[in-house]
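To keep things clear, I will list the structure first and then write my remarks on it.
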Amino acid sequence: MTDEELAEIEEVADAATPGPWHVRQLDDDFAMGLVAISTIPDTGLAERWPDFDYHEMVAATLVQHPRYVDIADERWDENAQFIASARRNVPRLIAEIRRLRHLLAANGQKTTGD
């Protein structure tokens with residue numbers, strides 16, 4: 001990965017809604033399922049729309065009514081966890097790559113980012 005590619009990934013991460021992000025288990029207007037990524041933690045109450053603030057939602061991995069976010073492999077929770085953790089982990093990975101490149105450069109070794 002080049003330094004430019006790493007910078008592009010960082011730019012995308014920096015432009016996203018600030019974290020942390022959390023998985024929320026909610027209900028839609030027909031008390032079906034709604035799995036969302038939110039800027040606030042899940043309350044454990046499975047709030048039903050409109051009893052939650054949609055302005056806190058970053059993404060959804062399951063919306064059953066109307067049924068328009070519903071992946072065939074039914075990995076709604078796993079996908080939500082991946083998305084929420086990416087907000088924290090992508091910047092950490094970028095920092096670790098830069099740290100390791102700096103160490104290699106300090107030891108006179110060429111990095112793939114050069």
Side-chain angles (χ1 to χ4, degrees):
M1 177 179 293
T2 67
D3 288 336
E4 291 78 22
E5 291 169 323
L6 191 60
E8 288 173 14
I9 294 169
E10 184 174 40
E11 184 177 325
V12 170
D14 288 348
T17 299
W21 291 353
H22 309 273
V23 177
R24 302 266 317 263
Q25 301 289 334
L26 303 165
D27 283 324
D28 61 19
D29 57 345
F30 284 88
M32 296 184 73
L34 173 59
V35 179
I37 294 81
S38 172
T39 58
I40 65 165
D42 191 62
T43 64
L45 301 175
E47 295 97 322
R48 185 173 176 188
W49 189 88
D51 295 329
F52 57 84
D53 187 353
Y54 66 88
H55 292 105
E56 299 163 344
M57 301 306 143
V58 175
T61 58
L62 175 65
V63 178
Q64 288 188 311
H65 194 278
R67 199 168 202 104
Y68 63 92
V69 178
D70 187 4
I71 190 70
D73 67 7
E74 299 183 357
R75 294 183 186 184
W76 315 289
D77 295 338
E78 294 87 347
N79 293 340
Q81 190 59 47
F82 177 78
I83 294 167
S85 70
R87 184 71 198 99
R88 175 183 69 257
N89 290 328
V90 168
R92 290 176 61 214
L93 289 169
I94 292 167
E96 180 65 4
I97 290 169
R98 290 214 167 105
R99 184 186 75 80
L100 293 172
R101 285 183 179 176
H102 178 75
L103 287 174
L104 288 171
N107 289 323
Q109 298 177 18
K110 186 175 173 99
T111 67
T112 57
D114 294 334

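Atom set for the values below is all heavy atoms of this structure, side chains included, hydrogens, waters and symmetry mates excluded.
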Under a 3.5 Å distance rule, please check whether [X] uses its side chain to pair with a backbone N or O of [Y] as donor and acceptor.
X      : Y      : value
Asn107 : Gln109 : no
Arg98  : Leu93  : no
Trp76  : Asp73  : no
Arg24  : Met57  : no

[atom1]/[X] to [atom2]/[Y] distance, rounded to the nearest 0.5 angstrom?
X      : Y     : atom1 : atom2 : result
Asp3   : Glu5  : CG    : CD    : 9.5 Å
Leu26  : Leu45 : CG    : CG    : 10.0 Å
Gln81  : Thr61 : CD    : OG1   : 10.5 Å
Thr43  : Phe52 : OG1   : CZ    : 10.5 Å
Arg101 : Met1  : CZ    : CE    : 7.5 Å
His22  : Asp42 : NE2   : CG    : 10.0 Å

*For Gln25, all residues meeting side-chain hydrogen bond (donor to acceptor under 3.5 Å, both in side chains), sequence neighbours excluded*: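 Partners of Gln25 by the side-chain hydrogen bond (donor to acceptor under 3.5 Å, both in side chains) criterion, ordered by chain and then number, come out as Asp77.
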Which atom of Trp21 lies closest to which atom of Ile83, heavy atoms considered =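 That would be CE3-O, 3.7 Å.
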Q: Please report the C-alpha distance between Leu34 and Asp27 in whole Å, then the side-chain angles of each, then the deciding distance to 0.1 Å, and finally whether the side-chain contact (heavy atoms from CB on, under 4.5 Å) criterion is met.
A: CA-CA 5 Å; Leu34 173 59; Asp27 283 324; 5.8 Å; no
Can Leu62 be reached from Ile37 by stepping across I, L, V, M, F, W or Y side chains whose heavy atoms are under 4.5 Å apart?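 They do not share one cluster, since no chain of ILVMFWY contacts under 4.5 Å joins Ile37 to Leu62.
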